[in-house]
Amino acid sequence: MNQPPKSERIPRATIQRLTTYLQVLESMHKEGVQVISSEPLSRICDVNASQVRKDLAYFGEFGVRGVGYYVSYLLEAIKACLHANREWRAALVGVGNLGRAMLNHQEFRRRGFTIVAAFDCDPFKIGDTAYGLEVYCTKSLMEKVPELGIEIGIVTTPPERAQRAASQLVEAGVKGILNFAPARISVPEHVFVEYVDFFHQIYSLTFNISTRH
């Protein structure tokens with residue numbers, strides 16, 4: 001299988017589109033589709049065919065001339081490109097309603113992202129069990145992150161606690177943070193942050209609906 005290139009060469013938009021291709025290919029694979037060309041793949045993903053070919057070309061040649069792409073092979077190839085073909089161990093900070101929903105989200109484990117520990121600063125939650133995980137005090141992050149081989153932190157705290165949670169995760173040694181809290185956080189350059197902001201999507205939706213009509 002082609003080896004992924006250095007990430008510095010890959011536009012962020014390409015990485016985001018690869019995740020869309022991956023989602024579509026997984027559905028096709030479940031439906032028993034064996035071969036797909038760039039044209040129908042591009043239509044389903046709402047991009048043009050040349051963009052699909054260009055995105056994949058950053059990582060190598062995956063298609064067969066006159067045939068297209070073998071779905072199962074391309075699926076595994078994109079997982080390798082995204083380094084999603086291994087287990088990633090994560091810690092969740094903030095065991096409220098959203099945090100518990102994340103802990104109960106079966107897709108995380110199925111896709112190789114295993115939440116191995118949950119943390120909170122609320123003394124009434126510490127020591128409880130949430131979906132099979134004991135809730136630890138956030139002060140134990142320094143101990144638990146290296147002990148459990150945790151690389152990713154998931155922040156689901158209220159916005160006013162997000163920065164403290166992020167700082168504790170960084171100090172404990174995580175390499176990246178997925179932030180669900182509606183707040184911007186500051187981290188060192190060597191730590192990567194991705195934001196999941198529901199309101200960002202809702203505002204985009206209301207704008208598009210209003211301007212179209």
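All values derive from a computational prediction rather than experimental measurement. One-based numbering along the sequence shown.
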Q: Hey, what do you get for CD (E26) to CD (E31), rounding to the nearest 0.5 Å?
A: 12.0 Å
Q: Quick one: pull up OH in Y70 and NE2 in H29 and give me the separation to the nearest 0.5 Å.
A: 15.0 Å
Q: Could you measure the distance from the CG atom of L56 to the CG atom of L18? Nearest 0.5 Å is fine.
A: 6.5 Å
Q: Which atom names give the shortest non-hydrogen contact between L103 and A130, and what distance separates them?
A: CD1-CB, 3.7 Å
Q: Could you go through the side-chain contact (heavy atoms from CB on, under 4.5 Å) check for V95 and Y131 one step at a time?
A: CA-CA 11 Å; V95 191; Y131 298 102; over 6 Å; no
Q: What about Y69 and Y21, same hydrophobic cluster or not, with Ile/Leu/Val/Met/Phe/Trp/Tyr joined at side-chain heavy-atom distances under 4.5 Å?
A: yes
Q: Under 4.5 Å between any side-chain heavy atoms of V170 and I177, yes or no?
A: yes
Q: Enter the distance from L98:CG to R100:CZ here, rounded to the nearest 0.5 Å.
A: 12.0 Å
Q: Hey, does V71 have a side-chain heavy atom less than 4.5 Å from the side chain of V35?
A: no
Q: Of all heavy-atom pairs between C137 and S140, which one has the smallest distance, and what is that distance?
A: O-OG, 2.6 Å
Q: Tell me whether N208 contacts the main-chain N or O of R212 through its side chain, where contact means a donor paired with an acceptor under 3.5 Å.
A: no
Q: Would F192 and I150 show up in the same hydrophobic cluster when neighbours are defined by side-chain heavy atoms closer than 4.5 Å?
A: no
Q: Under a single-linkage rule joining Ile, Leu, Val, Met, Phe, Trp and Tyr whose side-chain heavy atoms are separated by less than 4.5 Å, which residues share a cluster with M142?
A: none
Q: Evaluate the side-chain proximity of I36 to L25: yes if any heavy-atom separation is below 4.5 Å, no if none is.
A: yes
Q: So which atom in I154 and which in A90 form the shortest heavy-atom distance, rounded to 0.1 Å?
A: CD1-CB, 4.1 Å
Q: Count the heavy atoms of every other residue, nucleotide or ligand shown that sit under 6.0 Å from CZ of F108, and state whether that count exceeds 12.
A: yes
Q: Not counting sequence neighbours, list each pair that qualifies as a salt bridge (Lys or Arg N to Asp or Glu O under 4.0 Å) and has a residue in residues 158-185.
A: E151-K175
Q: With a 4.5 Å cut-off on side-chain heavy atoms, are F62 and I78 touching?
A: no
Q: Is there a side-chain contact between P11 and Y58 (heavy atoms, below 4.5 Å)?
A: yes
Q: If we check side-chain contact (heavy atoms from CB on, under 4.5 Å) with C45, which of these qualifies: T20, V52, D55?
A: T20
Q: Side chain of S42, backbone of E39: donor and acceptor closer than 3.5 Å?
A: yes
Q: Taking everything shown except K125 itself, do over 12 heavy atoms lie less than 6.0 Å from its NZ?
A: yes
Q: Under 3.5 Å, is there a donor-acceptor pair linking the side chains of Q163 and S167?
A: yes
Q: So with a 6.0 Å cut-off around CZ of R109, is the heavy-atom count from everything else above 12?
A: no
Q: If every non-hydrogen atom of A172 is compared with every non-hydrogen atom of L141, which pair is closest and at what distance?
A: CB-O, 3.5 Å
Q: Hey, does the Lys NZ or Arg CZ of K144 hover above the aromatic six-ring of F119, less than 6.0 Å from the centre and inside 45° of the axis?
A: no
Q: Using every non-hydrogen atom in the two residues, find where L133 and A118 come nearest and quote the distance to one decimal.
A: CD1-N, 4.4 Å
Q: Nearest 0.5 angstrom please: L92 CG to I152 CD1, how far?
A: 12.0 Å
Q: Does T156 use its side chain to pair, donor to acceptor, with the backbone of A181 at less than 3.5 Å?
A: no
Q: Restricting to non-hydrogen atoms, name the atom on V93 and the atom on A165 that form the minimum distance, rounded to 0.1 Å.
A: CG1-CB, 3.7 Å
Q: Within a reach of under 6.0 Å around CD of E134, are more than 12 heavy atoms found that belong to other residues, nucleotides or ligands?
A: yes
Q: Using 0.5 Å steps for rounding, measure from the NE2 atom of H105 to the CD1 atom of I115.
A: 9.5 Å
Q: Whether the side chain of R89 engages the backbone of V116 through a donor-acceptor N/O pair (distance < 3.5 Å, no angle test) should be reported.
A: no
Q: Going by the side-chain hydrogen bond (donor to acceptor under 3.5 Å, both in side chains) test, which pairs reach into residues 192-207, not counting sequence neighbours?
A: R12-E194
Q: Are more than 12 heavy atoms from other residues, nucleotides or ligands located less than 6.0 Å from atom CD of E87?
A: yes
